[in-house]
Structure formats: C-alpha cells, structure tokens
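All values below come from the heavy atoms of this structure, side chains included, with hydrogens, waters and symmetry mates left out.
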Number of protein chains: 2
Amino acid sequence: MPHPLPLSRQEPPPRVACSGCHLRSLCLPQGLHATAAAWLDGMVSAQLAVPRGQALLRAGAPLESLYAVRTGFFKTRVTAQDGREQVAGFQMAGDLLGLAGIASGRHTVDAVALEDSQVCVIPFGRQLGVGADVQALQQQLLRIMSRLIVHDHGVMLLLGSLGVRERLAAFLIRLTQRLQALGYSASALVLRMTREDMGSYLGMKEETVSRAFTWLQAQGLLEVRQREIRILDPQGLQQVAAAGSR
Amino acid sequence: MPHPLPLSRQEPPPRVACSGCHLRSLCLPQGLHATAAAWLDGMVSAQLAVPRGQALLRAGAPLESLYAVRTGFFKTRVTAQDGREQVAGFQMAGDLLGLAGIASGRHTVDAVALEDSQVCVIPFGRQLGVGADVQALQQQLLRIMSRLIVHDHGVMLLLGSLGVRERLAAFLIRLTQRLQALGYSASALVLRMTREDMGSYLGMKEETVSRAFTWLQAQGLLEVRQREIRILDPQGLQQVAAAGSR
DNA sequence: CGCAGTTTTGACGTGTTTCAACTACTGTGG
DNA sequence: CCACAGTAGTTGAAACACGTCAAAACTGCG
C-alpha cells in the first residue's frame, strides 16, 4: 500500500502503548491508575514524525488533536493581530502541545519542531469530549493545565521584575531542571533554539542575549561554545537568577 | 445560633442558585445545559463576603475550594522564593480564583479583595474530584483554564515586546472590554487598584505608570482624574497599544 | 485639622536597544 | 576537499527608554 504522504514519516507508524512508554510518568504524573493508563493507550491514535523546521500546529487551525512530545524539541509562537510575534514556550519529551486551543476549539499558537521530533497524537474531538471513562484523564489534564498556569506566572514574574542577565540565568536553570527530569546531565546542555528564540521568549533582543551569555561566562558561571553550554557554578547561577537587578 | 466567626460575613448566608444568577453566562459560558447548571447549583456550597483588603486565598494553603467572583474586584499576587512579588492578574465578576492551585493541591497565589466583594464557594476536594456527573463541569473548567493560558500568553507578549505606554494602553483596553462584558460603560471606568498594582502587573514602576497616564492624557486619548478614567479616543488608544515601540 | 498613603513631577543615572561591522559556523556545489 | 554563500553569533558605540532618588501636591480618613 503506497504512501500518498510526503516523506515526513520516517518509519512505519508503530502502535506504541503509553503503558509501556518510558515517558509515562511525565505525561501522566501522580498516580494515574492502571485502568486509566490502559484507557489512554486507546486514546493515542498514532505517532507522528515531525522533521526539524516543520510546523506541527498552526494558529487558527481547528483543534483536532492534542500532541504529546515523545522525542525532540519544539517552540510555540504566538502572534498578535498586528503581527508581533513571540515565543511562548519550549516543549520537550513529555510536554503537551495544543492546550491553549481548547478554549476556542482552534489553535492559538504555532508549534515548530526545533529538531527532528516524534509526537503522540491524542484526538480531542469526540473522544475527550464525550467519552465515557474520561474522568481520570480530564482530571489529569486539569492538573497539567494548572501547572502550566503556574509556570506562566513564573515567566511573567521573570519578565516583569528581573534584568536580562537574571532572566537568562533563570531560564537556563529551568531548562536544566527539565532536562534533568528526562535523565540528562544537569551541568551540560545543548541549546536547541537560536539566540533570537531565547530573546523572544525572554523579552530581549538577540544581541542582549549574546551579551548576557558573555557576561555569565566572564563571571565564571558558564562555559559557552555556541549552543553547547557547560554550567560551572550552578549555585552561583542560582544566585544571579534570584537577584532582582531591576 | 451565634456566630463564632469574625465579622466578615455581612449577611446571613443566602443559598443562591447558579441557575438564577445573572452572572451565569459568564461563569458558565457556551451552552452548559440545564442539567449541568442545576448540578452546579449543588456544587456551590455557599457565598462568602470578603471585605476590602482581606486575603481570600493565601499561597501555600491547601486547596479546598475554588471561588467564583460574584461582585467586587480582586488581585492575585505571586511570590518568588526570594521574596519578589508581582501581581499576576485582576479578577472581577464571573472570574474564577484558585485554578493555579489544582496542580499541586495548594494555592500558589494570594488573592486580595480590592473592594468589598462576594464570592461563590466551589468545594474542590471530593466533589469535583470523584463526583459522578462531573464530566460537563470538568470540561467547562478545561475551557476556562485554556482561556486563562491564552490570556497569559497575551500578557507575556505585552511584557516582552511593548514599551510602557503601549502596555498601559493595552491593559486599559482589555479592562474596559471585560467591564463592558459585565454591562458597564466602555468609555468610563474606575480603577480599583493602585498605580503600584498596575505597575507590578505590567512590569513597570509606579512612577512610570503615572507618566504613561500623563502621556496618554496629553495625547488626548484619556481623561485621568485619579482613579477615574474616561476614554476619549478608543481607536487612538487601540493604535497606541498596537504600535510596538520597543 | 493633620497625618499617612497615593499620585504626580523633576533631574539624573543606567540598562537595554539600535545600528553597524565583523567573526564563526553550516551546508552546498564545484 | 575546498570555496562559497547564507545563517547565526559576537562586539562596539551611540541613542534613548525606563528606573532611581527626591520632593511636592493631592486624597482620604481619623
């Protein structure tokens, strides 16, 4: 059976069970019981490969599915009516994409893969809407969204009350924490996004991001080689992030 | 039967039905059917009066209820570990308080009444968690939280990409829109919060807020007398808010 | 009436953006 | 394999927006 699709699918779609996924505890944190997990297996209809640079979501498109990142790295981007754009967040393994679209039934962000990625497709239409045993999952969704709101509060605090060096330091700390939760090193990381992306997210210009990196390096807190970052003094970085210099 | 409580309750607790509340369409927007609305009536266990200045919620306190604002005006405030504070939002009739606490089971913000207010108490504990007919309401909650996330994205965009005058203009526009949805005038409003509160929310100092007001007034867009604002040129204000001057 | 909190205004300092040039990488085709 | 172009990142100097510090005017309240 021939493939009418472009070559975006790298492998034949493997029907992977959530209950066996090593990211299970991330997608579905605190005790989602066996029954619910098994049910979720049915929910995830397929996996999808998204090559680097491709948009998985487009603002304005009808919300048909949510997506859970399995591997790879995404950025989401919001666009104001007047055309201003801003990176709204970065998503990695275990994160959900599309939640902001639930309210209106249409996506409100673009989600672009920053590296070749794989996502689980969670059809939202009928199933999550009127399903029978949806309770536990909806509750899970509530928690996830609540956490997102808390996170956004943190970002607003960051944008409103910190200077640029502090913002970058806080960003790096958050990022390493998330990476660490996925089993990566806490002291070495490879940034998947450009300086401009970071700047957009953190409310500063790319040149300023660059200067902030240079400064953190000069303080002996980081070692920066392009997108490869080594954190030399996590505690010192923490202190920088905490010092409201504005 | 004597009251062991402090004098925070101004009236005997009237058991008000949501289905008869004139705010119904705000708390429970798009078609929540009669059955669900009736069920919600049972959900709202009581009303509570909150005098001006009093905290209805405290960060860290266990999440026992959500609250729906019936009358009045609140601010929510987040606090970083290092003590930095920021206003995270303003809530008025029809808005829900406490959503950010669902993730952890504890409140993450302080909610302070900016004027004498009344709220509906929505016990969260068992009822919303394992209830039988919860489906529709949970779905409603999902939509509300999703909308909140979208809103927060807007605020982040504002903080990250606009100058202070633009930020204030955008804030005023949003505020009048919400007030208008409640039936108030679109061109005259009374601010319930201080300049400092606005500044905290918008990421600027109170002096800067004041200057921004003065500037908007000098442009002939507003008439400012303390907290009483008259919008003279809504369209012009819109244009200011859209012009990314940073 | 007086006092405390809020708001406004001014002068000044500094952090961030802007504009511009230059350097370091990445991938592509000769 | 190297040359090349295109993209991403760095660095510098000057402009300017916002913060800071200080003081005065206004408001509300006891």
Could you tell me how far apart [X] ([atom1]) and [N] ([atom2]) are, to the nearest whole angstrom?
X        : N      : atom1 : atom2 : value
A/Leu162 : C/dT14 : CG    : P     : 20 Å
A/Leu202 : C/dG15 : CG    : P     : 19 Å
A/Leu191 : C/dC25 : CG    : C1'   : 15 Å
A/Glu228 : D/dG9  : CD    : C1'   : 14 Å
A/Leu222 : D/dT10 : CG    : P     : 12 Å
A/Trp215 : C/dT16 : CH2   : P     : 11 Å
A/Arg52  : D/dT7  : CZ    : C1'   : 11 Å
B/Arg165 : D/dC18 : CZ    : C1'   : 11 Å

Which residue pairs pass the salt bridge (charged side-chain N to carboxylate O under 4.0 Å, His left out) test with at least one member in residues 51-63 of chain A, sequence neighbours excluded?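 Pairs touching residues 51-63 of chain A that pass the test: none.
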Would you mind listing every salt bridge (charged side-chain N to carboxylate O under 4.0 Å, His left out) that reaches into residues 183-192 of chain B, with sequence neighbours excluded?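 Passing the test, one end in residues 183-192 of chain B: B/Glu115-B/Arg192.
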Taking the side chain from [X] and the backbone from [Y], do they hold a donor-acceptor pair closer than 3.5 Å?
X        : Y        : value
A/Ser200 : A/Glu196 : no
B/Thr176 : B/Ile173 : yes
A/Ser210 : A/Glu206 : no
B/Glu166 : B/Gly163 : yes

Check: residues 230-239 of chain A side-chain donor-acceptor pairs under 3.5 Å, at least two apart:
residue  : atom : partner  : partner atom : Å
A/Asp233 : OD1  : A/Gln235 : N            : 3.4
A/Asp233 : OD1  : A/Gly236 : N            : 2.8

Extract from the structure each pairing of a protein N or O with an N or O of nucleotides 4-7 of chain C at less than 3.5 Å, listing the distance.
residue : atom : partner  : partner atom : Å
C/dT7   : OP1  : B/Arg227 : NE           : 3.2
C/dT7   : OP1  : B/Arg227 : NH2          : 3.4
C/dT7   : OP2  : B/Arg195 : N            : 2.8

Less than 4.0 angstrom between a side-chain N/O of A/Thr208 and OP1 or OP2 of C/dT17, yes or no?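 The answer is yes; a side-chain N or O of A/Thr208 sits under 4.0 Å from OP1 or OP2.
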Between B/Lys205 and D/dC18, does any side-chain N or O lie under 4.0 Å from OP1 or OP2?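 So the side chain of B/Lys205 is outside the cut-off, no N or O lying under 4.0 Å from OP1 or OP2 of D/dC18.
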How sharply is the helix from C/dT6-D/dA25 to C/dG30-D/dC1 bent, taking the axes over five pairs at either end and rounding to 10 degrees?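 Taking the rotation axis at each end, their angle is 40°.
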Listed partners of B/Tyr201 passing ring-ring contact (aromatic ring centres under 6.0 Å, His included), at least two apart: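 B/Phe90, B/Phe171.
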Identify which nucleotide among C/dT16, D/dT11, D/dT20 has an atom closest to any side-chain atom of B/Arg211, counting heavy atoms from C-beta outward.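 In terms of side-chain proximity for B/Arg211, the closest of C/dT16, D/dT11, D/dT20 is D/dT20.
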Compare the minimum distances between each of D/dG19, D/dT20, D/dT11 and the side chain of A/Glu207, then state the nucleotide with the smallest one.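 The closest nucleotide is D/dT11.
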Show your reasoning for whether side-chain contact (heavy atoms from CB on, under 4.5 Å) applies to B/Val78 and A/Met156. CA-CA 10 Å; B/Val78 292; A/Met156 288 163 55; over 6 Å; no
